[in-house]
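Scope of the values below: all heavy atoms of this structure, side chains included, with no hydrogens, waters or symmetry mates.
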2 protein chains.
Amino acid sequence: MWADAIPGRDEQQALKRKAIVRAAARLMSRRGSHGATLDDVADRLGVSKAALYRYVSNKNDLILACHEEALAIAERCLDHGEEKGATGLEKIRLGLRSYLVEMIRELGVPALILEENVLQGDAAERNYANRDTYEQRMRRLVAEGQRDGSIVQSEPKIAVFMLLGSIHWLAKWYCPDGDWQPEQVADAIVELATRALEPSPAERLSAELHAGAGTGP
Amino acid sequence: MWADAIPGRDEQQALKRKAIVRAAARLMSRRGSHGATLDDVADRLGVSKAALYRYVSNKNDLILACHEEALAIAERCLDHGEEKGATGLEKIRLGLRSYLVEMIRELGVPALILEENVLQGDAAERNYANRDTYEQRMRRLVAEGQRDGSIVQSEPKIAVFMLLGSIHWLAKWYCPDGDWQPEQVADAIVELATRALEPSPAERLSAELHAGAGTGP
DNA sequence: CGTGAATGTGACTTCATGGTCACGTGTGCA
DNA sequence: TGCACACGTGACCATGAAGTCACATTCACG
């Protein structure tokens with residue numbers, strides 16, 4: 001019937017939960033996890049707080065869902081970067097750029113990431129695990145870039161922290177209602193931050209020599 | 001009691017208030033402004049919560065004081081940078097490096113900065129004003145570096161946001177009990193982040209030409 | 001000593017907010 | 001038609017934390 005154009009009951013549930021998570025993420029981005037109350041989230045969706053509990057077991061669960069949504073976006077964008085980019089540096093650039101744009105579009109601004117310490121119990125550990133796998137993936141990309149000569153030699157951990165810091169700090173200053181467009185600002189930030197990873201000509205030369213000069217012209 | 005912060009008699013009040021601010025800053029750095037309760041702060045100092053109210057009018061006031069302390073450190077470190085550094089880039093490097101070191105030493109880790117949105121009323125505006133003057137000072141240094149050729153041409157606002165993001169993100173991952181020493185990690189982060197501002201040899205050359213080549217050998 | 005100001009305390013109030021529950025309503029299905 | 005179930009609601013409870021207050025204690029000083 002209806003050629004499956006009408007979402008089923010359980011699909012509706014999933015959609016509603018997603019709407020809750022999105023609304024919550026937006027609010028928390030602005031006011032922080034503590035500052036955004038469940039009443040706020042409910043109001044934003046035009047329902048009562050009690051209704052939320054049909055789709056979310058508690059606030060911790062909701063916050064965790066927000067973080068997982070954000071990290072899912074990040075991973076998806078890294079997929080894109082790894083697919084399209086040639087060098088380690090390019091993959092990182094593409095991945096971070098689309099991450100920022102998507103983040104601004106979908107969740108307002110990625111301020112959730114700024115305060116993950118509010119999670120308690122299992123949720124906290126699960127979230128740390130998620131974040132760690134993402135960071136490790138980033139580090140592997142840095143190492144790849146160091147091998148292919150697109151990234152300067154340095155401690156990958158530090159490099160990744162530096163990049164993520166530059167990116168997420170956006171939450172502190174970017175105003176979605178301002179003049180700057182998401183793509184524009186994402187470009188500018190990512191371009192500048194990843195400049196830090198670019199090897200100088202001299203460094204690139206020595207890297208090529210060290211690699212056997214097999215890739216030179 | 002009072003964690004051994006009681007020399008003079010008349011200055012006692014000021015010192016005690018300072019001790020409160022420091023303790024609060026440390027706790028808030030770890031657990032966030034909301035997560036750190038006044039009871040926690042009092043416990044840490046070995047007094048009761050009620051005693052705090054002799055030196056602090058309310059929690060907002062306390063949070064504001066923490067931010068002002070942090071910004072005061074930042075300004076002081078920029079003074080140092082401006083005094084010792086020759087170029088715009090050097091001033092920024094020195095300023096940020098000592099800021100990070102001092103911050104880790106004094107206030108644990110500068111996580112307060114991550115959540116200034118919790119301030120309410122006058123305190124919020126005053127804090128934003130403080131922060132703005134600091135950021136403007138940083139921007140002026142970037143512009144100076146662009147004039148003297150030590151910093152690549154780019155939007156100073158973006159550059160400053162990128163730097164501050166890299167720096168403050170430290171709060172997310174640096175563990176004071178870990179292996180890395182404050183100076184070591186401050187050096188690494190600042191060195192890498194400011195690399196992004198360095199002009200490439202070609203850019204430097206064109207900058208010198210544009211400036212009339214008056215400073216070349 | 002004696003006195004008043006300063007300081008610290010425990011016990012209290014107040015309030016915001018997370019979380020629960022019994023109930024009314026609409027909807028799909030036999 | 002009527003049943004069962006999902007859904008949403010307003011009213012409610014529990015709790016943690018901010019903030020207050022009367023009182024005890026200590027200290028400077030005449």
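Nearest nucleotide to the side chain of A:Y55, out of D:dT9, D:dG8, D:dA17: D:dG8. Looking at the side chain of A:K49, the nearest of the listed nucleotides C:dG8, D:dG10, C:dG19 is C:dG19. Each of D:dG10, C:dG10, C:dG18 was ranked by its minimum atom distance to the side chain of A:L38; first place goes to C:dG18. Nearest to the side chain of A:Q13, among D:dA17, D:dC7, C:dG19, sits D:dC7. Nearest nucleotide to the side chain of B:A50, out of D:dG19, C:dG10, D:dG8: C:dG10.
The CG atom of A:D39 sits 10 Å away from the C1' atom of C:dA16 (whole-angstrom rounding). Summarising the geometry, the separation between CZ on A:R54 and C1' on D:dG10 is reported as 14 Å, rounded to the nearest angstrom. Atom CG of A:N58 and atom P of D:dA14 are 19 Å apart (whole Å). Going from atom CG of A:L62 over to atom C1' of C:dG19 covers 14 Å, rounded to whole Å. Straight-line distance from the CD1 atom of A:I20 to the C1' atom of D:dC7: 12 Å, rounded to whole Å. With rounding to whole Å, B:R31 atom CZ is found 15 Å from D:dG16 atom P. Residue A:K59 contributes atom NZ, which lies 18 Å from atom P of D:dT15 at whole-angstrom precision. Atom-to-atom, CD of A:Q12 to P of C:dG26 comes out at 17 Å; the value is rounded to the nearest Å.
For the pair B:Y53 and C:dT9, the criterion of a side-chain N or O lying under 4.0 Å from OP1 or OP2 is not met. When the side-chain nitrogen and oxygen atoms of B:K16 are compared with OP1 and OP2 of C:dG8, one or more of them lie within a distance under 4.0 Å.
Relative orientation of the B:W173 and A:F161 rings is parallel, given thresholds of 30° and 60° on the angle between their planes. Note on ring orientation: taking the six-membered ring where Trp is involved, the planes of A:H168 and B:W169 are parallel (angle under 30°, cut-offs 30° and 60°).
Residues A:L107 and A:S29 come closest through the heavy atom pair O-OG, 3.4 Å.
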Worked verdict on B:D39 versus B:T37 for side-chain hydrogen bond (donor to acceptor under 3.5 Å, both in side chains): CA-CA 5 Å; B:D39 279 306; B:T37 75; 4.7 Å; no
Test log, rule side-chain contact (heavy atoms from CB on, under 4.5 Å), inputs A:Q136 and A:R139: CA-CA 5 Å; A:Q136 274 163 26; A:R139 273 180 227 140; 3.7 Å; yes
